Amino acid sequence: MDFEEMYRIYFRDVYLFILAMSSDPHIAEEITQETFYKALKNIGSFEGTCSVKTWLCQIGKNTYLTYLKKQRRFAREDIEAYPGRPDACTSDEASEGQASAESIYLKKNEALSIYKILHHLDEPYKEVFTLRTLGDLSFKEIGEIFGRKEGWARVTHHRAKLKIQELIKEV
C-alpha cells in the first residue's frame, strides 16, 4: 500500500479518533495532518506488529498529547503575563477578561478532576480506558496494541470503568 492510499483509507478514522479526544474539528484536522506527516517520515519504522490504523492512531494520540502540553504551557505564560491587571485595559475589557478567566478556571478544574481520576488508575486500565473512550478504538485494536486478545481488552476496559466509578464515589 502506498502512502496516498493509506491516507485515503485511514484519514477519516484518524480524524474521528482525534476529534473524540479534542472535541474540536479544527484541532482534529490539524493534528490529523501532523499525524500523517509524522507517519510519512517514519514509515520505515512501522514493524507491522499492529494494524496500520492502530499505528496511525498511536501517532495521533502522541501528537495530540504533545499539542496539549504546549497549549498548557502557553496558557500558563499568558496568565503570568497578565496577572489580572484590569488597570491595563478598559472596564469592558476587564469584565470580559474576568468572565473569560472564570470560565478558563472552571474548565481547568473540571479537566483537572478528570485527570486526577485517570491518574489514580493503574496501567493498563488507564490506557485501555482512554483508547476505548476517547480514541474510539475497537477492543480488537486495543488488544493488538498490547499484544493481547480482544477478550483481555474487554475485561480490562470493564475493570477500568469499575475502578473509575469507585474513584468518583471517593471524590
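Because the structure is a prediction, the values reported are computed rather than measured.
I145 CD1 to T49 OG1: the interatomic distance, rounded to the nearest 0.5 Å, is 10.0 Å. The OG1 atom of T156 sits 12.5 Å away from the CZ atom of R132 when rounded to the nearest 0.5 Å. Annotation: the span from K70 atom NZ to L65 atom CG amounts to 12.5 Å, rounded to 0.5 Å. Taking CG of L131 as the start and OG1 of T54 as the end, the distance is 9.0 Å to the nearest 0.5 Å. Considering CG of L162 and NE2 of H157, their distance stands at 10.5 Å, rounded to 0.5 Å. Summarising the geometry, atom OG1 belonging to T63 is positioned 7.0 Å from atom CD1 belonging to I18; distances are rounded to the nearest 0.5 Å.
Using cut-offs of 30° and 60° on the angle between ring planes, the pair F36 and F3 is perpendicular.
With contacts defined as side-chain heavy-atom distances shorter than 4.5 Å, the pair I43/M6 qualifies. Residues E144 and K140 meet the side-chain proximity criterion, which asks for heavy atoms closer than 4.5 Å. Counting heavy atoms from C-beta on, the side chains of Y7 and V14 never come closer than 4.5 Å. By the 4.5 Å heavy-atom criterion applied to side chains, V128 and W152 are counted as neighbours. L137 is listed as a side-chain neighbour of C57, based on a closest heavy-atom distance under 4.5 Å. In this structure the side chain of I142 reaches within 4.5 angstrom of the side chain of F146, judged on heavy atoms. At least one side-chain heavy atom of K61 sits less than 4.5 Å from a side-chain heavy atom of E127.
In the displayed structure, Y37 atom OH is contacted under 6.0 Å by at most 12 heavy atoms of other residues, nucleotides or ligands. Within a 6.0 Å radius of CD in E123, more than 12 heavy atoms belonging to other residues, nucleotides or ligands are found.
Residues A39 and W55 approach most closely at O-CH2, 3.6 Å, considering heavy atoms. Across G143 and A153, no two heavy atoms sit closer than the pair N-CB, 4.0 Å. The two residues S22 and I27 make their nearest non-hydrogen contact at CB-CG2, 3.9 Å.
Applying the side-chain hydrogen bond (donor to acceptor under 3.5 Å, both in side chains) criterion to R154, with sequence neighbours excluded, gives E150. Taking the side-chain hydrogen bond (donor to acceptor under 3.5 Å, both in side chains) definition, one finds that K53 meets it with E141, sequence neighbours left out.
In this structure a side-chain-to-backbone donor-acceptor pair under 3.5 Å is missing from N42 to S45.
Under the 4.5 Å side-chain contact rule for hydrophobic residues, L56 and I9 share a cluster.
Between the side chains of Q33 and Y15, no donor-acceptor pair of N or O atoms lies under 3.5 Å.
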